[in-house]
Amino acid sequence: MKTKAELPDCPVATTVSLVGSKWKLLILRNLSSRAWRFNELLKSLDGISQKVLTASLRELEADGIIFRKDYHTNPPKVEYGLTDIGKELQGLLSVMADFGEYYKSVI
């Protein structure tokens, strides 16, 4: 996790620095319902590359927003889900979804 000194002073800028990419927001959208396996996420996010998904998951995990559970099986089984900190973002995602619906209704 980043230290407080590494984060911007502005709380909005802090949030954007943690989840401010298209892919991270869509990953969080998926993980808000349940834990997902890597290939499930890859298939559900049309246009994301394996490299970008891997990097995004690692960043979200390093920031304490998601967890990675390795079942240590053969073949490998790994799941990703929201931590308690990550679950706090569900309200933000809900507001974004509401705005998206509103915007589509008025244009």
Side-chain angles (χ1 to χ4, degrees):
M1 272 193 215
K2 294 179 175 95
T3 65
K4 285 184 183 180
E6 295 174 306
L7 296 171
D9 290 335
C10 172
V12 173
T14 296
T15 304
V16 169
S17 75
L18 295 171
V19 298
S21 78
K22 167 187 172 181
W23 296 119
K24 285 183 181 180
L25 288 169
L26 295 177
I27 291 166
L28 294 171
R29 175 204 61 193
N30 287 6
L31 295 179
S32 68
S33 62
R34 62 176 174 86
W36 288 60
R37 294 182 68 180
F38 182 87
N39 282 334
E40 288 180 302
L41 287 168
L42 187 63
K43 290 175 186 172
S44 72
L45 300 170
D46 190 35
I48 194 170
S49 69
Q50 184 172 341
K51 180 180 177 181
V52 170
L53 178 57
T54 298
S56 297
L57 290 169
R58 285 183 180 157
E59 289 170 11
L60 289 166
E61 183 183 12
D63 290 331
I65 295 171
I66 67 168
F67 66 84
R68 179 182 187 272
K69 182 173 182 180
D70 187 343
Y71 288 88
H72 302 289
T73 60
N74 193 9
K77 180 181 178 183
V78 176
E79 288 183 339
Y80 297 89
L82 295 179
T83 62
D84 289 339
I85 293 171
K87 289 176 184 174
E88 291 294 320
L89 290 165
Q90 289 177 313
L92 173 67
L93 294 172
S94 178
V95 169
M96 291 178 75
D98 291 346
F99 178 79
E101 288 297 324
Y102 165 75
Y103 185 79
K104 287 194 275 185
S105 74
V106 297
I107 60 167

request  = Give a yes or no on whether Lys69 atom NZ has more than 12 heavy-atom contacts from other residues, nucleotides or ligands under 6.0 Å away.
outcome  = no
ask   = Only one of Val12, Thr14, Leu7 clears side chain to side chain contact (heavy atoms under 4.5 Å, CB included) with Cys10; which?
value = Val12
Cluster check Leu82, Phe67: I/L/V/M/F/W/Y, side chain < 4.5 angstrom = no
query = Any side-chain heavy atom of Met96 sitting closer than 4.5 Å to one from Leu89?
reply = no
inquiry  = Tell me whether Val16 shares a hydrophobic cluster with Leu93, the cluster being built from Ile, Leu, Val, Met, Phe, Trp, Tyr side chains joined at under 4.5 Å.
reply    = no
ask   = Can any side-chain N or O of Ser56 pair as donor or acceptor with the backbone N or O of Leu53 at less than 3.5 Å?
value = no
ask   = How many angstroms lie between CZ in Arg68 and CG in Leu60, if you round to the nearest 0.5 Å?
value = 14.0 Å
message = Less than 4.5 Å apart, side chain to side chain, heavy atoms only: is that true for Leu26 and Arg29?
response = yes
ask   = Is it the case that one hydrophobic cluster holds both Val78 and Phe38, taking links as side-chain heavy atoms less than 4.5 Å apart, direct or via other members?
value = yes
task = Kindly check if the number of other-residue, nucleotide or ligand heavy atoms within 6.0 Å of OH (Tyr103) is above 12?
result = no
remark   = In this structure, CD1 of Ile65 is separated from CG of Leu18 (nearest 0.5 Å) by 4.5 Å
key: Minimum heavy-atom distance Trp23-Ile48, with the two atoms named   = CH2-N, 3.4 Å
query = Do Pro76 and Asp70 come close enough that some side-chain heavy atom pair is under 4.5 Å?
reply = no
task = With rounding to the nearest 0.5 Å, note down the distance linking CG in Leu42 to CD1 in Ile27.
result = 10.0 Å
ask   = In terms of heavy-atom contacts, does CG of Asp46 have more than 12 from other residues, nucleotides or ligands at under 6.0 Å?
value = no
request  = Assess whether atom CD of Glu6 is packed by more than 12 heavy atoms of other residues, nucleotides or ligands within 6.0 Å.
outcome  = yes
Contact check, side chains of Leu57 and Leu41, non-hydrogen atoms, under 4.5 Å = yes
message = Donor-acceptor pair, distance only, cut-off 3.5 Å: does the side chain of Ser94 make one with the backbone of Gln90?
response = no
query = Atom CG of Leu28 and atom NZ of Lys24: how far apart are they, to the nearest 0.5 Å?
reply = 9.0 Å
task = Spell out, as yes or no, whether a donor-acceptor pair under 3.5 Å connects the side chain of Trp36 to the backbone of Asn30.
result = yes
request  = Enter the distance from Arg37:CZ to Tyr71:OH here, rounded to the nearest 0.5 Å.
outcome  = 9.0 Å
ask   = Does atom CG of Asp9 have more than 12 heavy-atom neighbours from other groups under 6.0 Å away?
value = no
